Amino acid sequence: MTAWLLNEIKSPEFWTSIAFLGVVFTFMRPFVRYLNRWAKKQAALVQKNREEARSVRKRAETLLKQYEAVNRDRETERGRLLAEADTEISFLEQEFEQRTADRIARKKQEMALRLKTIEENGRQDVKNKMLNRIIGLTRKDLTDRQNKGELQEDMTVVVKRVFQAMEDYATMLRK
């Protein structure tokens, strides 16, 4: 084996192969350095992207918490506003019903007052008509008696009749 190894070492192909490997290793070294630098850059880029992703995730989680807090408050606020609106609507409905009831009561009072006034005016009118009729009939009777000449002797009878008529209609006249 040593003879073979010595023959191989003495052969030009061996030394050509060694030279080739030396050249390849010589040129490989800058290539390996370049690959190492490129790999380090890629690793740094991946690390940077990873850190950015973590940072973005943290910001997203923070924003999610803020959003949830705002929405939680928003729901609470919405519920409070709806409760206030319901209370206000209820109050306005009661106020409207009260005002309507007051208006109706006032209108009823006004109508009752008008009816009472109309009734009183009607009674007064009836009283006046009755008095005018009694006075008219009495005048007519007195005029007829005066024309007949019976006025002096029956005057007491006529006055009694007037008083009697007034007493008969007194209840009506007092109202």
Side-chain angles (χ1 to χ4, degrees), residues 1-133 169-175:
M1 190 100 157
T2 55
W4 175 78
L5 189 59
L6 278 175
N7 274 339
E8 284 296 318
I9 291 178
K10 288 181 182 178
S11 77
E13 290 89 21
F14 174 75
W15 290 110
T16 306
S17 297
I18 293 290
F20 176 75
L21 288 175
V23 168
V24 168
F25 283 125
T26 303
F27 285 111
M28 265 313 230
R29 187 172 176 175
F31 183 70
V32 169
R33 281 188 210 152
Y34 172 76
L35 284 178
N36 278 337
R37 279 184 278 161
W38 180 79
K40 286 180 183 178
K41 285 180 184 177
Q42 290 298 320
L45 185 62
V46 167
Q47 185 66 25
K48 181 182 172 187
N49 287 342
R50 194 171 164 195
E51 290 300 320
E52 284 179 11
R54 284 183 186 153
S55 173
V56 167
R57 183 175 180 186
K58 284 182 182 179
R59 280 187 276 152
E61 287 173 352
T62 304
L63 287 174
L64 177 65
K65 287 177 184 176
Q66 289 175 350
Y67 175 78
E68 287 173 349
V70 166
N71 278 342
R72 184 176 29 244
D73 292 343
R74 187 176 294 159
E75 288 298 319
T76 304
E77 182 69 16
R78 189 174 126 225
R80 185 184 61 76
L81 288 174
L82 286 174
E84 285 179 11
D86 287 342
T87 304
E88 184 69 19
I89 288 170
S90 183
F91 173 75
L92 290 174
E93 285 175 345
Q94 289 175 353
E95 185 179 13
F96 173 75
E97 289 172 2
Q98 182 63 39
R99 284 184 180 175
T100 303
D102 290 345
R103 277 192 204 128
I104 290 172
R106 231 179 302 131
K107 292 291 182 184
K108 283 182 180 179
Q109 287 175 346
E110 288 174 5
M111 197 180 318
L113 184 62
R114 285 181 187 164
L115 289 173
K116 188 175 181 180
T117 304
I118 290 171
E119 183 181 357
E120 287 178 16
N121 288 342
R123 284 184 185 160
Q124 286 291 358
D125 193 34
V126 169
K127 284 180 195 178
N128 289 337
K129 285 182 180 178
M130 287 180 70
L131 285 174
N132 287 337
R133 181 168 171 89
Y169 295 110
T171 57
M172 212 188 244
L173 292 173
R174 287 185 189 139
K175 289 183 182 179

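This structure is a prediction, so every number in the text was calculated from the model and none was measured. Keep in mind that the numbers below use all heavy atoms, side chains included, and drop hydrogens, waters and symmetry copies.
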List the atom pairs, with distances to 0.1 Å, where a side-chain N or O of residues 96-106 and a protein N or O form a donor-acceptor pair under 3.5 Å, not counting sequence neighbours.
unit_1	atom_1	unit_2	atom_2	d
Q98	NE2	D102	OD1	2.9
R99	NH2	E95	OE2	2.9
T100	OG1	F96	O	2.7

>> Quick check on R57: does its CZ atom have over 12 non-hydrogen neighbours (other residues, nucleotides or ligands) under 6.0 Å away?
In response: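 Counting neighbours around CZ of R57, 12 or fewer heavy atoms of other residues, nucleotides or ligands fall under 6.0 Å, so no.
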> Around atom OH of Y67, are there more than 12 heavy atoms of other residues, nucleotides or ligands at under 6.0 Å?
Replying inline: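 Result for OH/Y67: open.
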Could you give the distance from [atom1] ([X]) to [atom2] ([Y]), rounded to the nearest 0.5 Å?
{"X": "E119", "Y": "K116", "atom1": "CD", "atom2": "NZ", "result": "8.5 Å"}
{"X": "R114", "Y": "I118", "atom1": "CZ", "atom2": "CD1", "result": "8.5 Å"}
{"X": "L45", "Y": "Q42", "atom1": "CG", "atom2": "CD", "result": "5.5 Å"}
{"X": "F31", "Y": "W38", "atom1": "CZ", "atom2": "CH2", "result": "10.0 Å"}
{"X": "L21", "Y": "M28", "atom1": "CG", "atom2": "CE", "result": "10.5 Å"}

> Under 4.0 Å between a Lys/Arg side-chain N and an Asp/Glu carboxylate O for E77 and R80?
Replying inline: yes
> Between E51 and K48, does at least one N-O distance fall below 4.0 Å, as a salt bridge requires?
Replying inline: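 Looking at E51 and K48, the cut-off is not met.
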> Less than 4.5 Å apart, any side-chain heavy atom of Q47 and any of R50?
Replying inline: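 Answer yes - side chains close enough.
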> Do N49 and E52 have side chains that get closer than 4.5 Å, going by heavy atoms?
Replying inline: yes
> Under the 3.5 angstrom rule, does the side chain of S90 hit a backbone N or O of D86 as a donor-acceptor pair?
Replying inline: no
> Can any side-chain N or O of T117 pair as donor or acceptor with the backbone N or O of L113 at less than 3.5 Å?
Replying inline: yes
>> Quick one, E61 with K65, criterion salt bridge (Lys or Arg N to Asp or Glu O under 4.0 Å). Give me CA distance, side-chain angles, the key distance, then yes/no.
In response: CA-CA 6 Å; E61 287 173 352; K65 287 177 184 176; 5.8 Å; no
>> Going by side-chain hydrogen bond (donor to acceptor under 3.5 Å, both in side chains), name the residues that satisfy it together with R29, two or more places apart in sequence or in a different chain.
In response: none
